[in-house]
Amino acid sequence: MTALTASLRDSGVVAWRNLMNIRRNPDLLLSSTAQPIMFVLMFAYVFGGSLGGGAYREFLIGGIFVQTVAFNSAFTVIGLANDQTKGMVDRFRSLPMSRIAVLLGRTSSDLAVSVLTVVIMSLCGLVVGWRIRGSLLDALLAFGILLLFSFAMSWVGAFIGLIARSVEVAQSAGLLWLFPVTFVSSAFVPAEAMPGPLRAFAEWNPITVTADALRELYGNPLRVTGPPPDSWPSQHAVLYSIAASLVIMAVFMPLAVARYRRVASR
């Protein structure tokens with residue numbers, strides 16, 4: 001067995017262990033399912049009437065998808081922090097297994113959670129009037145981009161979870177930075193409506209570009225009113241969203257692995 005095969009096998013075992021933990025504690029899925037549904041209903045029906053009605057609901061779903069999988073990175077943060085607190089990292093270290101298996105298993109299991117969440121959100125979107133108006137291949141590419149972004153965000157969560165000193169700190173740190181990054185984007189409103197510095201940040205924000213890539217591939221409106229966005233990221237949303245996810249992984253995978261080695265060597 002090669003080192004790569006052994007690492008993948010060990011990662012699969014860890015991922016299965018994490019999924020079985022969710023099976024025994026299904027309430028862990030509450031935040032990843034109930035919360036995005038609440039966001040959809042609130043923005044679609046409480047604010048949606050004044051923001052564009054049916055057209056806004058189609059615009060909204062792409063942003064909700066991206067926000068939901070980004071917030072799912074909190075699973076990784078809390079899961080790794082919990083393993084550290086309970087001494088599971090020390091137990092894993094004592095086993096003849098690949099060092100990266102703990103991290104890859106955690107991010108893979110959280111990717112499976114994101115798949116379930118996207119299915120639920122797609123059904124919720126259909127209920128409120130969202131439709132896929134592009135081709136089947138474009139829709140599959142959109143879901144692939146969404147899951148790639150989810151996997152990239154899990155590695156950000158892995159790094160944060162490993163530097164957190166306790167589960168309580170991890171719960172705050174895992175979500176605190178996500179709120180400004182998510183809301184200073186075009187997930188819910190067009191970036192053009194924001195003042196200068198915020199608009200510049202929003203236009204290059206990976207959440208904005210990933211949401212625009214989904215809207216483009218689903219055939220949904222890129223903007224409810226006004227002309228389409230003219231910034232370079234929006235004009236190349238599909239390419240930029242894939243590149244952004246790959247860059248996030250290229251930065252945070254080595255950081256998370258290095259941090260895990262430090263934690264495991266204590």
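The figures that follow rest on heavy atoms only: side chains count, while hydrogens, waters and symmetry mates do not.
- Using a cutoff of 4.0 Å between basic side-chain nitrogens and carboxylate oxygens, Glu58 and Arg133 are scored as salt-bridged.
- Note that OG of Ser73 and CH2 of Trp177 are 5.5 Å apart. Values are rounded to the nearest 0.5 Å.
- A donor-acceptor pair is defined here as one N or O able to donate and one able to accept, closer than 3.5 Å; no such pair exists between the side chain of Tyr218 and the backbone of Ala213.
- The CG atom of Leu103 sits 9.0 Å away from atom OG of Ser11, with the distance rounded to the nearest 0.5 Å.
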Mind running side chain to side chain contact (heavy atoms under 4.5 Å, CB included) on Ile61 and Val40 for me, showing each step along the way?
-> CA-CA 7 Å; Ile61 295 301; Val40 169; 4.3 Å; yes
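- A cation-pi contact, defined as under 6.0 Å to the ring centre and within 45° of the axis, is absent between Arg259 and Phe159.
- Minimum heavy-atom separation, Val251 to Leu255: O-CG, 3.3 Å.
- Expressed to the nearest 0.5 Å, how far CG of Asn220 lies from CZ of Arg57 amounts to 13.0 Å.
- Between Ala237 and Glu216, the shortest heavy-atom distance links the atoms CB-OE1, 4.1 Å.
- Residue Leu178 comes nearest to Ala70 through the heavy atom pair CD1-O, 3.5 Å, listed as atom of the first residue, atom of the second, then distance.
- Between Ile37 and Met121 there is a side-chain heavy-atom pair separated by less than 4.5 Å.
- Side chains of Phe149 and Pro206 form a contact here, defined as non-hydrogen atoms less than 4.5 Å apart.
- Although no hydrogens or angles enter the test, the distance criterion places a donor-acceptor pair under 3.5 Å between the side chain of Asn205 and the main chain of Val181.
- Proximity of Arg262 to Leu162: side-chain heavy atoms (C-beta onward) are nowhere separated by under 4.5 Å.
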List the steps and the verdict of side chain to side chain contact (heavy atoms under 4.5 Å, CB included) for Ile242 and Leu246.
-> CA-CA 6 Å; Ile242 295 173; Leu246 294 177; 4.1 Å; yes
Does the pair Trp155 and Leu104 meet the rule for a side chain to side chain contact (heavy atoms under 4.5 Å, CB included), with working shown?
-> CA-CA 9 Å; Trp155 284 99; Leu104 186 57; 4.1 Å; yes
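- If you take CG on Leu41 and SG on Cys124, they are separated by 5.0 Å, rounding to the nearest 0.5 Å.
- Taking 4.5 Å as the limit, every side-chain heavy atom of Val209 sits out of range of all side-chain heavy atoms of Trp204.
- Partner of Asp212 under the side-chain contact (heavy atoms from CB on, under 4.5 Å) criterion, out of Thr210, Thr208, Leu214: Thr208 alone.
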Go through Thr76 and Asp110 one step at a time and tell me if the side chain to side chain donor-acceptor pair (under 3.5 Å) criterion holds.
-> CA-CA 7 Å; Thr76 312; Asp110 293 342; 2.4 Å; yes
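- A distance of 6.0 Å separates CD1 of Ile248 from CE of Met153, quoted to the nearest 0.5 Å.
- Grouping the Ile, Leu, Val, Met, Phe, Trp and Tyr side chains by contacts below 4.5 angstrom, directly or via other members, places Met42 with Phe65.
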Determine, stepwise, if the pair Leu217 / Phe143 fulfils side chain to side chain contact (heavy atoms under 4.5 Å, CB included).
-> CA-CA 9 Å; Leu217 293 170; Phe143 284 118; over 6 Å; no
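- When ring centroids are compared, Trp130 and Phe59 stay outside the 6.0 Å threshold.
- Using a 30° and 60° split on the angle between ring planes, Phe39 and Phe183 fall in the tilted class, from 30° to 60°.
- The two atoms that bring Leu111 and Leu147 nearest to each other are CD1-O, 3.5 Å, heavy atoms only.
- Between His236 and Trp232, the ring planes are parallel. Angles under 30° get that label, and only those over 60° would be called perpendicular.
- In this structure the side chain of Pro254 never reaches within 4.5 angstrom of the side chain of Met249, judged on heavy atoms.
- A distance of 8.0 Å separates CZ of Arg261 from CD1 of Ile100, quoted to the nearest 0.5 Å.
- Summarising the geometry of Ala187 relative to Ile207, their closest heavy-atom pair is CB-CG2, 4.3 Å, with the distance given to 0.1 Å.
- When all heavy atoms of Val102 and Val14 are compared, the pair lying nearest together is O-CG1, 4.0 Å.
- Ser135 places a side-chain N or O within donor-acceptor distance of the main-chain N or O of Asp138, the cut-off being under 3.5 Å.
- Not one N or O on the side chain of Arg106 forms a donor-acceptor pair closer than 3.5 Å with the backbone of Ala158.
- For the residue pair Ser150 and Ser114, a side-chain donor N or O sits within less than 3.5 Å of a side-chain acceptor on the partner.
- Although no hydrogens or angles enter the test, the distance criterion places a donor-acceptor pair under 3.5 Å between the side chain of Ser241 and the main chain of Val238.
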